[in-house]
Trainee: 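Can you read through this structure? Questions will come right after.
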Amino acid sequence: MAYYYPEPSHTFGEYLLVPGYSSAECLPANVSLATPLCRYRKGEKPPIMLNIPLVSAIMQAVSGEEMAIALAKEGGLSFIYGSQSIESEAAMVARVKAHKAGFVTSDSNVTPDATLKDVLAIKESTGHSTIAVTHDGTPNGRLEGIVTSRDYRLSRMALDVKVSEFMTKFEDLICVPANTTLSEANDIIWDNKLNALPVIDDDRRLLYLVFRKDYDSHKENKLELLDSSKRFMVGAGINTRDYEERVPALVEAGADVLCIDSSEGYSEWQKRTLDYVRAKYGDSVKVGAGNVVDREGFRFLAEAGADFIKVGIGGGSICITREQKGIGRGQASAVIEVAAARDEYFEETGIYVPICSDGGIVCDYHMTLALAMGSDFIMLGRYFSRFDESPTNKVNINGTYMKEYWGEGSNRARNWQRYDLGGDKKLSFEEGVDSYVPYAGRLKDNVQLSLSKVRSTMCNCGALSIPELQEKARITLISPTSIVEGGFHDVVLKENKQYIK
């Protein structure tokens, strides 16, 4: 006879946080949302810390390179989707890592014999207004000069004029040697009012460019998630089929952390993948696993060596796994049980394995509930798919702008590896839908608004950090009537007034 859980499984929408005592220090500005991403031993520092507890889902419709850059600027992390060729995914990772490194390898270059037309073509294709002029047009050729938009006027110059005639020549440039530190380079930029500073070797070969805008960006985005080389951090999705080829390519491209992308993680296939990573790289490559919904699943993956474990099956807005296969669990119940298992494992072993709540977030306050219930961070798909930075098209549907959004288990994505049970290499039936979500604008504006709500709610609970929230939070299960009471009711709304719920 099957085992029956004594309680029904619950979703985030069935709970509320009960306010606690708020001291004078409980101000949103004082709240830290820093949280560990990867496992660590008691008394040791986590190898990777997020500055905000948000990561983007491993999905074609969510996590491309633009999303990764935008989210890293806010302090979170994206996992580049793995349902593409190994070469394509590795190239995406490499472009994120190269986007802002302090010392940037120039990827917009021309020769002195190139023309203004060539310069304009590069600017249109890359968006770069600073172009290095090297003797052979390569990133590390002998530096001959620099072209910026201040060096030419389209209204007064022919398109066939050669770059050598209007570039800022080498002898008029300020350059620095290879042993210059980033701090020294930034001082030189500011002292000389430069926008870009070339770094060259003894043979005058261009090594890097240091940009003023990168310094400005860092000052504006104080929670940026950067590695030890001041580059944006980025994750990447892998599967349990081609990991022996995909993992080395992603590691070489610079991925900071990997994650096995699977609808159900309590399987031998995930253990095999983790065993491969540990045998080849030891602990130097960080890799998460999942998804699970109970204590047994967590213990299995923790003991297999996962650096973090994702929680949730069937709770995504485009996921129809529960409808198609009848498996899953209410997201709140899954997080509560897995969090208890994580704490139990920590007490037994002294090893803390962070958990990630994946799915079930409908309202912003669900983020706070997920954290209070024990999640270390949250993976979001629909939420991020609505923004400018997601890789999907913005379309006009009946006068309203929408963004396309589809599941990895849909016929559009056909990510059969995510649902792999060791059989044929195909998607036998759909476990996701193809849909639209309301367009919401820039990631920065929306994330800051959502997290301002999280910080405010944490203050209402008397907590200034995520661990303190988990310690102090008091949560109540609510009735269907309470849910109705929580929204506006018994009033007539004024016309043309929109409410965001």
Side-chain angles (χ1 to χ4, degrees), residues 37-39 47-48 55-60 62-65 68 77-97 233-292 297-313 353-356 358 379 407-409 413-428 431:
L37 178 69
C38 297
R39 70 161 57 203
I48 301 177
V55 300
S56 67
I58 312 169
M59 300 176 67
Q60 294 175 10
V62 179
S63 294
E65 57 199 89
L77 184 108
S78 285
F79 286 91
I80 300 295
Y81 66 92
S83 52
Q84 59 180 317
S85 71
I86 295 172
E87 296 76 16
S88 178
E89 185 180 12
M92 279 192 178
V93 169
R95 287 194 291 270
V96 175
K97 298 304 292 185
M233 298 189 76
V234 62
I238 61 174
N239 62 67
T240 58
R241 284 278 184 157
D242 65 8
Y243 53 85
E244 293 186 8
E245 296 80 35
R246 191 173 293 268
V247 170
L250 294 173
V251 171
E252 184 177 350
D256 297 283
V257 58
L258 307 176
C259 184
I260 303 172
D261 182 26
S262 175
S263 66
E264 204 277 302
Y266 192 3
S267 74
E268 180 181 346
W269 309 108
Q270 295 229 351
K271 186 178 186 306
R272 288 186 185 183
T273 307
L274 292 167
D275 286 345
Y276 165 80
V277 173
R278 294 295 168 242
K280 185 173 178 65
Y281 298 101
D283 292 330
S284 64
V285 170
K286 307 303 179 184
V287 55
N291 288 20
V292 300
F298 172 87
R299 295 288 300 212
F300 175 79
L301 292 177
E303 291 168 0
D307 282 295
F308 65 86
I309 295 171
K310 290 203 294 149
V311 181
I313 295 176
V353 182
I355 64 171
C356 168
D358 178 16
M379 179 171 279
E408 289 296 289
R414 300 204 65 80
N415 182 8
W416 63 268
Q417 296 95 331
R418 189 175 196 273
Y419 304 89
D420 186 23
L421 295 175
D424 294 336
K425 298 180 179 181
K426 66 178 183 178
L427 191 69
S428 299
E431 293 191 44

Trainee: If you look at every heavy atom in V234 and A68, which pair is closest and at what distance?
Mentor: CG2-CB, 3.9 Å
Trainee: Would you sort out whether S78 and V55 count as a side chain to side chain contact (heavy atoms under 4.5 Å, CB included), showing the intermediate values?
Mentor: CA-CA 5 Å; S78 285; V55 300; over 6 Å; no
Trainee: Any salt bridge between D307 and R278, counting N to O under 4.0 Å?
Mentor: yes
Trainee: Using 0.5 Å steps for rounding, measure from the CD1 atom of I80 to the OG atom of S63.
Mentor: 6.5 Å
Trainee: Determine whether M59 and F79 make a side-chain contact, defined as any pair of heavy atoms from C-beta on separated by less than 4.5 Å.
Mentor: no
Trainee: Is there a side chain to side chain contact (heavy atoms under 4.5 Å, CB included) between V311 and D358? Walk through the geometry before answering.
Mentor: CA-CA 6 Å; V311 181; D358 178 16; over 6 Å; no
Trainee: For T273 and T240, does a side-chain donor sit closer than 3.5 Å to a side-chain acceptor?
Mentor: no
Trainee: Looking at every heavy atom in both V93 and A255, which two are closest together, and how far apart are they?
Mentor: CG1-N, 3.5 Å
Trainee: What's the spacing between I313 CD1 and E264 CD if we round to 0.5 Å?
Mentor: 5.0 Å
Trainee: If the condition is salt bridge (charged side-chain N to carboxylate O under 4.0 Å, His left out), which residues does K286 pass it with, not counting sequence neighbours?
Mentor: none
Trainee: Write down the atom of A306, the atom of V353, and the distance for their closest heavy-atom approach.
Mentor: O-CG1, 3.8 Å
Trainee: Is it the case that the side chain of R246 and the backbone of G82 share a donor-acceptor pair, with hydrogens and angles ignored and the cut-off at 3.5 Å?
Mentor: yes
Trainee: Please collect all ring pair (Phe, Tyr, Trp, His ring centres under 6.0 Å) contacts where either partner lies in residues 240-262, sequence neighbours excluded, each pair once.
Mentor: Y243-Y276
Trainee: Answer yes or no: is there a side-chain heavy-atom contact under 4.5 Å between F308 and C259?
Mentor: yes
Trainee: Among residues at least two apart in sequence or on other chains, which ones pass salt bridge (charged side-chain N to carboxylate O under 4.0 Å, His left out) with E303?
Mentor: R299
Trainee: Keeping the roles fixed (side chain from E89, backbone from I238), state whether a donor-acceptor pair exists under 3.5 Å.
Mentor: no
Trainee: Only counting residues at least two apart or in another chain, list the ones meeting side chain to side chain contact (heavy atoms under 4.5 Å, CB included) with A249.
Mentor: I86, A90
Trainee: Working to the nearest 0.5 Å, report the span between CG of N239 and OG of S83.
Mentor: 9.5 Å
Trainee: Decide side chain to side chain contact (heavy atoms under 4.5 Å, CB included) for Q84 and M92; before the verdict, give the C-alpha distance in whole Å, the side-chain angles of both, and the deciding distance to 0.1 Å.
Mentor: CA-CA 11 Å; Q84 59 180 317; M92 279 192 178; 3.6 Å; yes
Trainee: Taking the side chain from N291 and the backbone from G312, do they hold a donor-acceptor pair closer than 3.5 Å?
Mentor: yes
Trainee: For S85, which residues count as a side-chain hydrogen bond (donor to acceptor under 3.5 Å, both in side chains) partner, sequence neighbours excluded?
Mentor: none
Trainee: Test I260 against V287 for side chain to side chain contact (heavy atoms under 4.5 Å, CB included), laying out the working first.
Mentor: CA-CA 7 Å; I260 303 172; V287 55; 4.2 Å; yes
Trainee: What I'd like to find out is whether the side chain of V247 reaches to under 4.5 Å of the side chain of L258, using heavy atoms alone.
Mentor: yes
Trainee: Quick one: salt bridge (charged side-chain N to carboxylate O under 4.0 Å, His left out) partners of E268, sequence neighbours excluded?
Mentor: R272
Trainee: Taking side chain as C-beta onward, heavy atoms only, is K310 less than 4.5 Å from S262?
Mentor: no
Trainee: Check F298 against V292 and note the closest heavy-atom contact, atom names and distance.
Mentor: N-CG2, 4.0 Å
Trainee: Measuring only between side-chain heavy atoms, which start at C-beta, is V62 closer than 4.5 Å to Y81?
Mentor: no
Trainee: Please determine if D256 and K97 form a salt bridge, counting it only when a charged side-chain N lies under 4.0 Å from a carboxylate O.
Mentor: yes
Trainee: Is the closest side-chain heavy-atom distance between M379 and I58 below 4.5 Å?
Mentor: yes
Trainee: To the closest 0.5 Å, what do you measure between CG (D275) and NZ (K271)?
Mentor: 3.5 Å
